[in-house]
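Down below is the structure, laid out as structure tokens.
In what follows, chains carry the letters A, B, and so on, assigned in the order in which the sequence lines appear, proteins first and then strands, with residues in each chain numbered from 1. These numbers were taken from a predicted model, which means no experiment stands behind them.
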Number of protein chains: 4
Amino acid sequence: MSRTGPRRSESIRVAVLNAADDLLVEQGFAATTIEGIATRAGVAKQTIYRWWKSKVEILLDALEEDALEGLAWAEPAGTPAEDLTAHLHRVADFFQEPAGRVLQALLGNAQLDKDAAAALREGFLLKQRARDLAGLAAIIERHTGSTPDEDHLGHLADLLLGPIYYRVLVFGAPPAKDLLEPAAHLTLNLATPTDN
Amino acid sequence: MSRTGPRRSESIRVAVLNAADDLLVEQGFAATTIEGIATRAGVAKQTIYRWWKSKVEILLDALEEDALEGLAWAEPAGTPAEDLTAHLHRVADFFQEPAGRVLQALLGNAQLDKDAAAALREGFLLKQRARDLAGLAAIIERHTGSTPDEDHLGHLADLLLGPIYYRVLVFGAPPAKDLLEPAAHLTLNLATPTDN
Amino acid sequence: MSRTGPRRSESIRVAVLNAADDLLVEQGFAATTIEGIATRAGVAKQTIYRWWKSKVEILLDALEEDALEGLAWAEPAGTPAEDLTAHLHRVADFFQEPAGRVLQALLGNAQLDKDAAAALREGFLLKQRARDLAGLAAIIERHTGSTPDEDHLGHLADLLLGPIYYRVLVFGAPPAKDLLEPAAHLTLNLATPTDN
Amino acid sequence: MSRTGPRRSESIRVAVLNAADDLLVEQGFAATTIEGIATRAGVAKQTIYRWWKSKVEILLDALEEDALEGLAWAEPAGTPAEDLTAHLHRVADFFQEPAGRVLQALLGNAQLDKDAAAALREGFLLKQRARDLAGLAAIIERHTGSTPDEDHLGHLADLLLGPIYYRVLVFGAPPAKDLLEPAAHLTLNLATPTDN
DNA sequence: GTCTAATCGAGACGGTACGTCGAGTCTTGAG
DNA sequence: CTCAAGACTCGACGTACCGTCTCGATTAGAC
């Protein structure tokens, strides 16, 4: 005997996520207010508060829908080095897209608010980390024939992705593209057991 | 004929910077309001607005006093590899200190506010970048006897520092310490012209 | 061919009226919300709106059941003066009872809302006025042997009841009891044609 | 050494009181919201909350300024009976004026809210009661040469004013004018020591 | 010693957004 | 068709800070 009464409106959910996304890109994080989202989505404020605790939760919801593909590891299409380089380009490009702006804003906000940081970590970053480790492991395996252990894999991921996030978050733009290919090669070299 | 009347009070300046620092560490960035700083410093709001444009400027002021030494490159004390590893440890530790928290908050806020980002870049990050490049160049020179060109040096700095900032800003804590020594050696290897 | 489906549930009607009554006495008029009544009566809001237009209508419904006896003119039991005095005591006491509180609240609300005022007038006050005039006329007739004309009777009712309502509505409590007996005698005196 | 800084703006105070008055008369009590008053007065909501706790306090403030003259007892101008009758006319007319509407609304609200009732009593009704007793005593003294005792005077005031308030608050309009002169004469008769 | 001009505290003010409450309407599925 | 449950829009609530402003009181050169 399931419960009675009206159900949550999916169209409202989508309208809110889109409104939040749009506002963030157009006006920035500070100007993305709950009232603004409500107005733009044509929805009552109370309806937003019924389903989300804060604008950060809304953006996190929006991110989950959009970022999965933007940061996904593609199927093999060339040599491991080529595929890895291509992925780094994809990550660098991602931060220019709307979904990337959302992630950037949420990362920024996470520095300012411990709860938001925890929510972002749980809701997105750790999952993405797992996907990154899996994607990187697959490429390394294609390259060397074996999978590095967890710790080593994590270090490689940090060396590989760290510079991109660093340039984006600290200097406001992805790194020069000519950094990416050497970084990919370097990582694959480090992944060969003898170099460990 | 110079002007008359009282001059800017240094004690007020210090009280405001300390109040801002303390509030940030104790309550977080969002709770660090101009009104709160004014109250805690025992100062009128107007007095703050007379000398600073926003709380970001206050924190930037506070950062400039504290971060210089926290992120400074030390004098040679061992082999280049040892010195470089030691510096990476220093950077990682810096983000645990109050001054590091301020930088982290300002970096976070910079993701959310373009003006704040520009101010942080101009007021701190670019200068620190220059110091980092100089410090790294000096160590490489000791190691290889020659200085890499500007672009290459920048890439090396990104590879070296990126992972630390990445772990701090994305995962909320500095990387495992055992990542740092390999990263230092790696960077020095990459700096030798033949490996490029 | 009469209509199908269940009819209005009497148990719900009673539950709602009681819930409204209770809430009014316990929490006051403002805190007596439709939502509160619905919750307390274990009934859906919509069900209330199906049968009543507003909380005022609910309270009016509740009043009609209780106030009739509370403000009723009793059968002759003594001299006209005694009976009139007794009635005044009954009216004064009525405002201390729950039903009196409801009337007081509805009178209060009527000052603030023209529609509510009209509803109260139509639904209760004019009927009560008629009962009061009839009761008073009966007593006067017993006393003087004749019935005063409509206008005169109305004035007498105003002089008689006015002070009680005045004390209750303006000063929050019924008048001192020793006002009531002189008022009763006075009214009867004024009712004798020669004193008019 | 009095305090420094800007003082409360008198023009704002007046603008708020007028806006509240106007809204009450034009739209009624329920539609007289703090936000509406603020908008109409061209004032920030916070400014209202700084000086008044609720709209009731605002209206009370407004009342104090306007009701004093509207309900004042005039100087002797004729016989005591004439003056008393004139005063009753003044009271009955008062409830048709804006200030009278305010009093009526506040009386209505007082039935619904104990705190509001207490505030109204303290802030206005008890003072007005004192003025009424004094005014009535003066007229009686002119008529009979002596002043009745406190209790008796109170009863006379209740008999005199009760019917007017009763008709206004219960039936929504002042009593027929021909009630007033008999009521005045009656009261003076009752005030003569032998009739007591 | 004035004089004079800026600094400083205190805080009033117009705003914007917050997060909450209840109103009244509408939708769903059970009985 | 009625009902409980509750999603929905709407308007107002009272609060927090924002950034601007005004008001004396204080202070430190210039004369």
Side-chain angles (χ1 to χ4, degrees), chain A residues 1-9 11-12 30-39 42-55, chain B residues 1-9 11-12 30-39 41-51 53-55, chain C residues 2-9 11-12 30-39 41-51 53-55, chain D residues 1-9 11-13 30-39 41-51 53-55:
Chain A
M1 193 182 74
S2 77
R3 75 161 206 57
T4 177
R7 306 311 167 73
R8 174 173 188 179
S9 157
S11 64
I12 283 177
T32 302
T33 65
I34 298 267
E35 299 213 321
I37 295 170
T39 301
V43 146
K45 217 175 19 158
Q46 180 59 46
T47 299
I48 294 185
Y49 281 109
R50 203 187 336 269
W51 302 114
W52 294 275
K53 282 206 198 91
S54 64
K55 69 174 172 181
Chain B
M1 192 182 76
S2 82
R3 70 170 205 52
T4 175
R7 308 310 164 74
R8 173 171 189 180
S9 156
S11 66
I12 284 178
T32 302
T33 64
I34 296 270
E35 299 213 323
I37 295 170
T39 302
V43 145
K45 235 185 350 168
Q46 179 58 41
T47 301
I48 293 184
Y49 281 108
R50 205 188 330 266
W51 303 115
K53 278 200 202 105
S54 65
K55 71 173 172 179
Chain C
S2 78
R3 69 176 201 49
T4 175
R7 305 311 163 74
R8 175 172 188 178
S9 156
S11 65
I12 284 177
T32 302
T33 64
I34 297 269
E35 299 213 324
I37 295 170
T39 301
V43 145
K45 242 192 333 175
Q46 179 58 41
T47 301
I48 294 184
Y49 281 109
R50 205 185 332 266
W51 303 113
K53 278 200 201 104
S54 65
K55 71 174 172 180
Chain D
M1 192 181 77
S2 78
R3 76 160 207 59
T4 178
R7 305 313 166 73
R8 175 173 187 177
S9 157
S11 64
I12 283 177
R13 195 183 139 268
T32 303
T33 64
I34 298 268
E35 298 213 324
I37 295 170
T39 301
V43 146
K45 218 177 9 160
Q46 179 58 48
T47 299
I48 293 185
Y49 282 109
R50 204 189 332 269
W51 302 113
K53 283 206 197 91
S54 64
K55 70 174 172 181

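Where D:S54 and B:G5 each meet DNA chain F at their nearest nucleotide, the meeting point lying more 5' is that of D:S54.
Remark: D:S9 engages D:S11 in a side-chain hydrogen bond (donor to acceptor under 3.5 Å, both in side chains) (not counting sequence neighbours). Listed by chain and number, the residues in a side-chain hydrogen bond (donor to acceptor under 3.5 Å, both in side chains) with D:K45 are D:E35 (sequence neighbours excluded).
Note: CD1 (A:I37) to P (E:dG19) measures 11 Å, nearest angstrom. Whole-Å rounding puts the A:I48 CD1 to E:dT20 C1' distance at 15 Å. Between C:Y49 atom OH and E:dG22 atom P there is a gap of 12 Å when expressed in whole angstrom units.
A:K55 and A:T32 make their closest contact through CD-O, 2.9 Å (heavy atoms, listed as atom of the first residue, atom of the second, distance). The two residues B:A44 and B:A38 have their closest heavy-atom pair at C-CB, 4.3 Å.
Rounding to the nearest 0.5 Å gives a distance of 4.5 Å between OH of C:Y49 and CD1 of C:I34.
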- Let me have a per-nucleotide readout for nucleotides 12-17 of chain E, 5' to 3', with B, S or -, counting only protein heavy atoms under 4.0 Å. SBBB-S
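A cation-pi geometry, defined here as NZ or CZ lying under 6.0 Å from the six-membered ring centre and within 45° of its normal, holds between D:R8 and D:W51.
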